[in-house]
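The structure appears below as structure tokens.
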Amino acid sequence: MDKTYQPNAIEQQWYKTWEENGYFKPSGDTQADPYCIMIPPPNVTGSLHMGHGFQESIMDALIRYHRMQGDNTLWQVGTDHAGIATQMVVERLLAAEGTTRHELGRDKFIEKVWEWKEQSGGNITRQLRRLGASPDWSRERFTMDDGFYKAVQEVFIRLYEDDLIYRGKRLVNWDPKLHTAISDLEVLNEEEQGHLWHFRYPLADGSGHLVVATTRPETMLGDTAVAVHPEDERYQHLIGKAIKLPLANREIPIIGDDYVDREFGTGCVKITPAHDFNDYEMGQRHNLEMINILDADANLNNEVPEKYRGMERFAARSQVVDDLDALGLLEKVEPHTLKVPRGDRSGVVIEPWLTDQWYVKTQPLAEEAIKAVEDGSVNFVPKNYENMYFSWMRDIQDWCISRQLWWGHRIPAWYDDSGNVYVGRSEEEVRQKHNLGDIALRQDEDVLDTWFSSGLWTFGTLGWPEDTEELKTFHPTSVLVTGFDIIFFWVARMMMLTLYFKKEVPFHTVYVHGLVRDSHGQKMSKSKGNVLDPIDLIDGIDLESLVQKRTSGMMQPHLREKIEKQTRKEFPEGLAAYGTDALRYTYYSLASTGRDIKFDVGRIEGFRNFCNKIWNASRYVLQNCDGHDCGQDGSGDFELSLADRWIISQLQRTEKAVREAMDNYRFDLASQALYDFIWAEYCSWYLELSKPVLWDDAASPAVKKGTRRTLIRVLETVLRLAHPMMPFITEEIWQKVKDLAGQSGDTIMLQSYPEADEHRIDTEAEAAIAALKQVIEGVRNIRGEMKISPATKIPLILRGGSAEDRQNLDNARALMIKLASLESVSWLNTGESAPASATALAGDVELLVPMAGLIDVAAESARLQKEIDKLGKELSRVEGKLKNPKFVDKAPEAVVEKERGKLAELQSAQDRLQQQLEEISKL
RNA sequence: GGGUGGUUAGCUCAGUUGGGAGAGCGACGGCCUUACAAGCCGUAGGUCACAGGUUCGACCCCUGUACCACCCA
């Protein structure tokens, strides 16, 4: 083995081996429990960001964990066609080529999209492989696959036939740039600085005017009422009268509606039912006329006076303001902060716009979806996300599923010239079913919302509507791993559609993880220039390339300089190559229950070092086991030392802790337990404890064999324990140790996952090693504080302690000498006087390090005094507690007893240190 | 305005029936000790946001306040 861990030398090669050997496929064992995860399909044209890396790492750990437990495990991958996002990307490419999709035509455009998909669609899956993900690649799916389209179409048709899909003219969120409706969830409402304009609206009878306040003056051309609060004394008497609407020169009524906020603006609100969601509802209540004044580009249409026709909306805004001002009708303008709706893809201001769209009646579907969570058929982890789910589901609106795009699942509906709608699987089917002969039919131009199709993901990808074996085996799936930001978008939709069509839940558990942010807690985004590419963390990247990457293709070039500066400051050396295992381990360590996950490069470095630690510990183990009898033949002629029994005992506890954490989705706790065991117990102590045995020519062959056997077997076990979290390094080393550990098999991936054996928990050995550690740590403390060079071997004198202490420490004499770097160890008999020494305590045993020539009296006094003070503080706390009669009376006997024991211990320790202090003070 | 999460060492975070505050990174001091300097040994550092309450006992349970973040209106 190399002296240092080189991730790039092992990772890709093992991945290839695994994939070629088909290890990722389900075992097909029908006796075993099925376990299945469906990947949340990433956008096909996208690339893997830190959030994906985090999510895929978690799924892979779960999958590998269950696969090793013998479950029939399926992890199915795939990508989403992502209607708007993909169409935008391809349109941008076309623009660069100097053409547009309209010039190309629909069919040609779709061909172009497929070409693009072929070209870039592999990006995500390549990156997934680099992360060590182990999905069944042979079952990879795409939401635009033929088979999947069949499921999508079937769902649409059945919902239509069951009266759960309808077509209606409603206000939708219209994106005037992308020319499509988008859902509420794709609209971002951000506060922006705007204005509040106050206009005078003259009363029709000429008796005066009302002042209305608005943030959108241009819509006044579509006003069809002015509303006041019915109990507002200022305006009450005007209800029923009319306004002569300026510029448009129409008469509109003044109405009373308690929706009006008396405090806002002037208390008079202009009502534009065709261009505002609240006004729309008020329009319904009062039967108001709806005047649509915008076209699809959000330019003014022919419903407005000649002068404004064809004007862009914001130009029209200033024109309207100017014209009203010229008429003396502009009362005032004040600055105003308002929430502006913007499309999350296009960034332009969204218009509420009246169009014909397809809707799903969600209420009946939502009821079932709520029930499934209430009755525990589906569990959220952490639990509190259920509230978020409920609150959204209980207040759900009908779902607009049509999109005015070309890329997506075309709606299976046809119209005749009289405007009748026919829904069916094909034009032929529709003609036949409705006896249409050869009248002209045209298919609906629109496609379905991407989330409509991804709502079918769990069962649509398993072959539904056919009743396939896969569907029977793996559905409902086991767990969905997702970010909380997608609960509404996706989880809710899957719940509704799956329950309706499969009459069962899509998954039993929803594990909701946090969102990965940068080390300052900022969201990672291209425009902030703080994105990290998981692949760069794996392979490393030099500073210049990183700067180049972060500043290229920027939407806002003016940020370039800032980003460059910030990047050079934060990563002056670029990024080192940390390898996949270190990256994954970092993800797990961060996967606690919080919502924000701050990713600090310092963490990943620490885990790369951890990998190196495992690597080097394995080198040591192999150096000492290779070519020796380690009991790999199953022979029993070995003897386990105290240290062997201790590390085996600790291993059982670790196995238990790791399993428990994994079962509860606490990857942070699992990774921590493993880290502690490997580094702090196995490497720092056990490996060191093994040296005096292996290097001692006098040690018996049986004990040496016991030590080798333990060294190699604990290592082999811990590799299996760690494999789901760090697949590559564990495989690489496992291949080298498996034979010596008496194991066989082609890959660690398919070995059994370690399970604790309670019988091997050995409290006796644990106590003995704890005592030994105390002695060694006591001596090290003296050495460290007294600045005695590690090279100087020092004598140690022991005093006091029970017979058992003496027995245990005598047995461990060789270990003590090596680990504390001693010259000698001896016991002081009662009555024998001790030389002037530095002192420490290990339980009841006093440790004396003779001071001759070694120790500075003042320093030693100070050190003792510090210890005494520390004990004193603790002592007075315990004393206070025990002097309190309420505590002694009311606390459980065991607790009181424990405190009494503690008191005695502290007292005796303090006494002895005090005595020592006095002794050296005499010098 | 409604809701959710958070506030623990300089930084990032654990702390699961209420019974002696932990880790990693960083800091400081000492070491190339035959697996590892990507390392080893030692040390320092916290009124657990604040104020009440319950309890013999509160980082933990209850109430309120402040601040931060996010979601919804």
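First the proteins, then the strands, lettered A, B, ... as listed; each starts at 1.
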Whole-Å distance separating the [atom1] atom of [X] from the [atom2] atom of [N]:
| X | N | atom1 | atom2 | result |
| --- | --- | --- | --- | --- |
| Tyr620(A) | G39(B) | OH | C1' | 16 Å |
| Leu689(A) | A35(B) | CG | P | 14 Å |
| Leu715(A) | A35(B) | CG | P | 15 Å |
| Tyr578(A) | C25(B) | OH | P | 13 Å |
| Phe607(A) | C25(B) | CZ | C1' | 10 Å |
| Arg783(A) | C40(B) | CZ | C1' | 13 Å |
| Arg877(A) | A58(B) | CZ | C1' | 13 Å |
| Lys3(A) | U34(B) | NZ | P | 10 Å |

Surrounding [atom1] of [X] (heavy atoms of other residues, nucleotides or ligands, distance under 6.0 Å), is the total greater than 12?
| X | atom1 | value |
| --- | --- | --- |
| Gln363(A) | CD | no |
| Glu905(A) | CD | no |
| Lys736(A) | NZ | yes |

Picking from [options], which would you name as closest to the side chain of [X]?
| X | options | answer |
| --- | --- | --- |
| Leu687(A) | A38(B), C36(B), A35(B) | A35(B) |
| Pro790(A) | C31(B), C41(B), A44(B) | C31(B) |
| Arg619(A) | A38(B), G42(B), C36(B) | C36(B) |
| Glu785(A) | A35(B), G42(B), C71(B) | G42(B) |

Is any side-chain N or O of [X] closer than 4.0 Å to OP1 or OP2 of [N]?
| X | N | result |
| --- | --- | --- |
| Asn609(A) | C36(B) | no |
| Trp679(A) | C40(B) | yes |
| Lys613(A) | G39(B) | no |
| Lys691(A) | A35(B) | yes |

Full working for side chain to side chain contact (heavy atoms under 4.5 Å, CB included) between Trp399(A) and Arg493(A): CA-CA 10 Å; Trp399(A) 172 18; Arg493(A) 269 93 197 241; 3.2 Å; yes
Please confirm whether [X] makes a cation-pi placement over [Y], using NZ or CZ under 6.0 Å from the six-membered ring centre and within 45° of the ring normal.
| X | Y | answer |
| --- | --- | --- |
| Arg394(A) | Phe390(A) | yes |
| Arg780(A) | Trp685(A) | yes |
| Lys613(A) | Tyr675(A) | no |

Consecutive-pair stems (at least three Watson-Crick or G-U pairs, under 3.5 Å) that include RNA chain B: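 Stem list for RNA chain B: B:1-7 with B:66-72, B:10-13 with B:22-25, B:27-31 with B:39-43, B:49-53 with B:61-65.
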Regarding [X], tell me which of base, sugar-phosphate or nothing describes its non-hydrogen contacts under 4.0 Å with the strands shown.
| X | result |
| --- | --- |
| Tyr385(A) | nothing |
| Cys611(A) | nothing |
| Arg608(A) | base |
| Glu897(A) | nothing |

Face-to-face contact Trp695(A) to U34(B) six-ring, under 5.5 Å, under 30°: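 Given the distance and angle limits, yes, they stack.
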Shortest non-hydrogen contact from Ile647(A) toward Thr710(A): CG2-CG2, 3.6 Å
Heavy-atom closest contact (Thr792(A) atom, Arg783(A) atom, distance): O-NH1, 2.8 Å
Min side-chain heavy-atom separation Pro352(A)-Tyr280(A) under 4.5 Å: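 SC-SC contact between Pro352(A) and Tyr280(A) ruled out.
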Sub-6.0 Å ring centroid separation between Tyr385(A) and Phe380(A):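 Not under 6.0 Å, so no.
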P atoms of C13(B) and U7(B), separation to the nearest Å: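 10 Å, rounded to whole Å.
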C1' gap between G3(B) and A21(B), integer Å: 32 Å
Footprint string (nucleotides 9-19 of chain B, 5' to 3'): B base within contact, S backbone only, - free, heavy atoms under 4.0 Å: ---BSSSB--B
